[in-house]
Amino acid sequence: MTEQEIRTDGVAADAVGGARESILQAAVELIARDGFDGVRIADIAARAGVSSALVHYHFTGRDRLLTGALAHSLTRAEARLPGRTRHADRDTPPQRLADLIDFGLPLTHDDVLECRLWAELEIRSSGSPELAATLTEFRARMLRPLTAVVEDGLRSGDFRDCDPADVATVALALLDGLTTRLITETSTSTLGLADARRLAAGQITLAVHYDDDLPFLPLPDPGTPSVDLTPQRATPRRRRAPRAPARS
């Protein structure tokens, strides 16, 4: 489908780029709420206020839409991290490590959306080489800043006797596991966000041989949920009464 064909659906050419952002945000919200298999392209188009044709124009398949939504969400999350640390003037390795631990946990409602997308990608990647490659790429993006902060800590003397790549790999696995518990267990769970942060910090500081407590910022206000994450149940189809047999 060409851009000219998109115009015939009533979408102005200069709005095509902006519509892509709306499509991605709609995909983030609906996939996080209903799961990838529970979302139709028509649902995403309706939420984004565009035609289904425009969704197909930007994303040639459902897998592309999932990875596009996750990339969109992860890029926004990465942009939030330096914004938070810059204002707090947090540039020492222990401060940056504390902030990266928080970055890996669902501190806000937007974080929960992102974590649910990760879960969808991980589930589906086992049956798709393309999705598996995308998941590997995204994990590499998460590992790089963790590896870099440990390297800096070794140079500064804050950390010692550890391999940065190994620490980053274990730290990411630990944060992933704690996040899964936080977003899937009920409100009666004994594990809270502060507990998850404490457990992650304890194990990671042992790995880098840091003897003090990590200097965390106060936990932020999670904010008002922008999306109701209660799955939407499909309306059951009405069954017709069986027809009486025709009389001969």
Side-chain angles (χ1 to χ4, degrees), residues 28 32 70-119 121-122 135-184 191-226:
V28 167
L70 184 57
H72 170 74
S73 187
L74 180 56
T75 298
R76 289 188 310 168
E78 289 173 330
R80 291 198 300 270
L81 179 64
R84 182 182 182 192
T85 57
R86 187 182 307 117
H87 293 301
D89 191 26
R90 294 168 62 80
D91 56 3
T92 69
Q95 289 171 334
R96 288 163 50 207
L97 181 58
D99 292 335
L100 285 170
I101 289 173
D102 278 352
F103 181 68
L105 294 172
L107 303 190
T108 69
H109 292 294
D110 284 342
D111 294 340
V112 173
L113 291 180
E114 291 154 12
C115 294
R116 289 196 174 200
L117 287 178
W118 272 101
L121 179 60
E122 288 172 344
L135 181 60
T136 299
E137 177 189 344
F138 287 156
R139 280 182 174 149
R141 287 172 62 179
M142 300 291 290
L143 286 168
R144 280 194 289 271
L146 284 165
T147 302
V149 76
V150 177
E151 290 172 342
D152 289 347
L154 289 171
R155 283 191 289 268
S156 68
D158 290 296
F159 309 148
R160 64 183 191 276
D161 302 330
C162 63
D163 181 274
D166 288 350
V167 171
T169 299
V170 171
L172 185 59
L174 175 61
L175 292 168
D176 282 347
L178 291 169
T179 292
T180 298
R181 283 196 59 183
L182 287 170
I183 67 173
T184 58
L191 181 70
L193 187 55
D195 299 315
R197 175 198 259 184
R198 174 180 55 79
L199 290 169
Q203 295 304 310
I204 295 170
T205 53
L206 282 175
V208 298
H209 297 92
Y210 182 68
D211 297 326
D212 295 324
D213 293 333
L214 287 177
F216 285 100
L217 290 170
L219 286 172
D221 184 335
T224 302
S226 57

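Values reported hereafter were calculated over all heavy atoms of this structure, with side chains retained and with hydrogens, waters and symmetry mates removed.
- The two atoms that bring Cys115 and Ile183 nearest to each other are CB-CD1, 3.9 Å, heavy atoms only.
- The closest side-chain heavy-atom distance from Met142 to Phe103 is below 4.5 Å.
- To the nearest 0.5 Å, atoms CG (Asp102) and CG (Leu107) are separated by 4.5 Å.
- Salt-bridge formation is not detected for the pair Asp195/Arg181: no Lys NZ or Arg NE/NH1/NH2 atom is positioned less than 4.0 Å from an Asp or Glu carboxylate oxygen.
- To the nearest 0.5 Å, atoms CG (Leu193) and CG (Asp111) are separated by 9.0 Å.
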Assess whether side chain to side chain contact (heavy atoms under 4.5 Å, CB included) is satisfied between Ile101 and Phe216, documenting all intermediate values.
-> CA-CA 9 Å; Ile101 289 173; Phe216 285 100; 4.1 Å; yes
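- Side-chain contact check for Arg90 versus Asp99: some heavy-atom pair is nearer than 4.5 Å.
- At a threshold of 4.5 Å between non-hydrogen side-chain atoms, the residues Thr169 and Leu143 count as touching.
- Separating the CG atom in Leu178 from the CD atom in Gln203 is a distance of 9.5 Å, to the nearest 0.5 Å.
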Chi angles and distances behind the side chain to side chain contact (heavy atoms under 4.5 Å, CB included) call for Gln95, Leu217 = CA-CA 9 Å; Gln95 289 171 334; Leu217 290 170; over 6 Å; no
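- In this structure, Thr179 OG1 and Leu105 CG are separated by 5.0 Å, a value rounded to the nearest 0.5 Å.
- Taking each heavy atom of Asp166 and Asp163 in turn, the nearest pair found is N-OD1, 2.9 Å.
- Taking the side chain as every heavy atom from C-beta outward, Thr205 and Leu214 approach each other to under 4.5 Å.
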Could you walk me through whether Phe159 and Leu97 pass the side chain to side chain contact (heavy atoms under 4.5 Å, CB included) check?
-> CA-CA 11 Å; Phe159 309 148; Leu97 181 58; 3.8 Å; yes
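- Between Pro164 and Val150, the shortest heavy-atom contact is CA-CG1, 3.7 Å.
- For the residue pair Val112 and Pro106, the shortest heavy atom distance occurs at CG2-CB, 4.1 Å.
- Contact annotation: the side chain of Leu154 approaches that of Cys162 to within less than 4.5 Å [non-hydrogen atoms, C-beta and beyond].
- The salt bridge (Lys or Arg N to Asp or Glu O under 4.0 Å) test with Arg96 singles out one residue from Asp158, Asp91, Asp152, and that residue is Asp152.
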I would like to know whether Asp176 and Glu122 meet side chain to side chain contact (heavy atoms under 4.5 Å, CB included); could you show each step before the answer?
-> CA-CA 11 Å; Asp176 282 347; Glu122 288 172 344; 4.3 Å; yes
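- Closest heavy-atom contact between Ala168 and Thr147: CB-OG1, 3.3 Å.
- Shown here for Thr108 and Pro220, the closest heavy-atom pair between the two residues is CG2-CG, 4.4 Å.
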